[in-house]
Amino acid sequence: MRELPEMARETIVIDTDPGQDDAVALLLAFASQAELDLRAITTVAGNVPVAQTTANALRVRDLAGCDAVPVHRGAERPLVCALETAEFVCGPDGLAGSGLPAPRSAVAPGHAVDALIALLRAAPDDSVTLCPLGPLTNLAFAFRLAPEVLPKVRRIVLMGGAIGLGNITPAAEFNIHVDPHAAAIVFGCGRPIVMLGLGVTLKAIASHAQVAGLLATGNAASRCVHGMVTRPRPGGLGSDGHPMHDACVVAYLLWPELFAGRDCFLAVETGEGPLRGRTTIDWNGRLKRPANAHVVAEVEAEALFTRLFARLATLP
Ligand code: BDR
Ligand code: CA
């Protein structure tokens with residue numbers, strides 16, 4: 001693969017709760033080292049409890065053969081709410097269909113929040129892109145414990161929220177619903193945010209032909225992704241296929257030209273009740289408040305999966 005100058009690589013940290021779509025996002029990042037300098041993976045409770053999301057991050061890292069990227073275990077539960085998990089979607093271990101063995105490698109020492117703070121402290125201003133793919137608990141802890149690291153954050157490109165209907169409740173998308181207080185802290189942090197919510201990720205579904213093509217490549221990573229996206233998935237989740245929610249975050253870093261959105265003001269509902277975790281997005285600028293996120297709403301899905309699956313084919 002052609003070596004790019006060091007300056008052209010974007011320094012990133014992926015905060016994640018794997019989950020099948022998290023796993024695809026991680027694999028895409030591992031396969032894109034020419035463009036992305038993945039400094040650390042931090043785990044959080046979300047799709048499954050944090051012991052399992054951490055094991056899953058290690059399983060995916062083992063598959064990619066990228067042991068040099070440390071995996072730090074993070075928050076056990078949301079800031080205020082009780083933890084809600086999603087085994088009914090992801091399966092009992094969070095990676096149903098992957099066929100991955102138990103981890104062969106070990107977690108790095110130190111809590112994810114401490115690792116995040118240390119990494120940001122050591123970084124130049126405006127240099128680190130944070131990529132949260134789960135509940136925003138770790139980021140909220142870091143920003144509250146060490147607000148002086150905020151200027152180090154170049155941008156936050158996250159999966160979460162919805163312009164319209166939610167998926168875990170009628171009003172809310174899963175990641176924001178699980179820890180709405182953390183989400184409110186992150187959306188209020190003052191750093192540039194790109195939000196890839198259900199408005200775009202429910203459109204990120206591969207065609208049957210593209211999914212079938214995963215088996216033609218013969219490598220283990222593509223076979224693993226094929227197993228995950230062809231597993232039976234419960235109904236009522238807002239789409240008939242397997243949306244690649246979290247993979248959209250890494251794809252956005254690599255190929256922003258495939259996406260379109262708008263700068264908007266958005267507010268997170270933190271109260272208990274049916275609106276908990278709703279992201280109210282002022283798409284039409286009615287409130288005349290300054291934008292706090294670039295909200296992505298469109299993706300060229302066919303091109304996205306052509307590029308994504310070609311990248312996966314470069315892995316072991
Ligand atoms: C989000 O929720 C999780 O189940 C997925 O991994 C994704 O991050 C989609 O709502
Ligand atoms: Ca996730």
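Numbering of ligands and ligand atoms starts at 1, following listing order.
- Of all the heavy atoms of Leu133, the ones lying under 4.0 Å from any atom of ligand 1 belong exclusively to the backbone.
- Close approach to Met159 involves these atoms of ligand 1, each under 4.0 Å from a residue heavy atom: 1 (C), 7 (C), 8 (O), 9 (C).
- Checking Leu133 against the Ca ion (ligand 2), an N/O/S atom falls under the 3.0 Å cut-off.
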- Query: Where do Val107 and Thr54 land on the side-chain contact (heavy atoms from CB on, under 4.5 Å) test, with the steps shown first?
  - Reply: CA-CA 8 Å; Val107 70; Thr54 307; 3.6 Å; yes

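- By the 6.0 Å contact criterion, CD on Glu302 is open, its count of non-hydrogen atoms from other residues, nucleotides or ligands being 12 or less.
- A continuous path of hydrophobic side-chain contacts links Leu254 to Phe259 [ILVMFWY only; heavy atoms under 4.5 Å].
- Asp17 contributes atom OD1 as its closest N/O/S atom to the Ca ion (ligand 2).
- Two residues are said to be in side-chain contact when any heavy atoms from C-beta on lie closer than 4.5 Å; Leu119 and Val13 meet this criterion.
- Note on ligand 1: Asp22 sits in its first shell, one or more heavy atoms being nearer than 4.0 Å.
- The protein non-hydrogen atom at the shortest distance from atom 7 (C) of ligand 1 is Asp21 OD2, 3.2 Å.
- Among protein heavy atoms, atom 9 (C) of ligand 1 sits closest to Glu173 OE2, 3.2 Å.
- Every atom of ligand 1 is numbered from 1 in the order shown, and the set under 4.0 Å from a heavy atom of Phe174 is 2 (O), 3 (C), 4 (O), 10 (O).
- Between Arg59 and Asp93 there is a salt bridge, since a side-chain N of the basic residue sits under 4.0 Å from a carboxylate O of the acidic one.
- Checked by distance only, ligand 1 and Asp246 come closer than 3.5 Å through their nitrogen or oxygen atoms.
- Residue Asn47 has at least one N or O atom closer than 3.5 Å to an N or O atom of ligand 1.
- For the pair Leu145/Val113, a side-chain contact is recorded, criterion being any heavy-atom separation below 4.5 Å from C-beta on.
- Residue contacts with ligand 1 for Asn167 involve side-chain atoms from C-beta outward but no N, CA, C or O (heavy atoms, distance under 4.0 Å).
- For the pair Arg307 and Glu35, the salt-bridge criterion is not met [side-chain N within less than 4.0 Å of a carboxylate O].
- When the N, O or S atoms of Asp246 are ranked by distance to the Ca ion (ligand 2), OD2 comes first.
- With respect to Glu298 and Lys203, a salt bridge is recorded, a charged nitrogen being found less than 4.0 Å from a carboxylate O.
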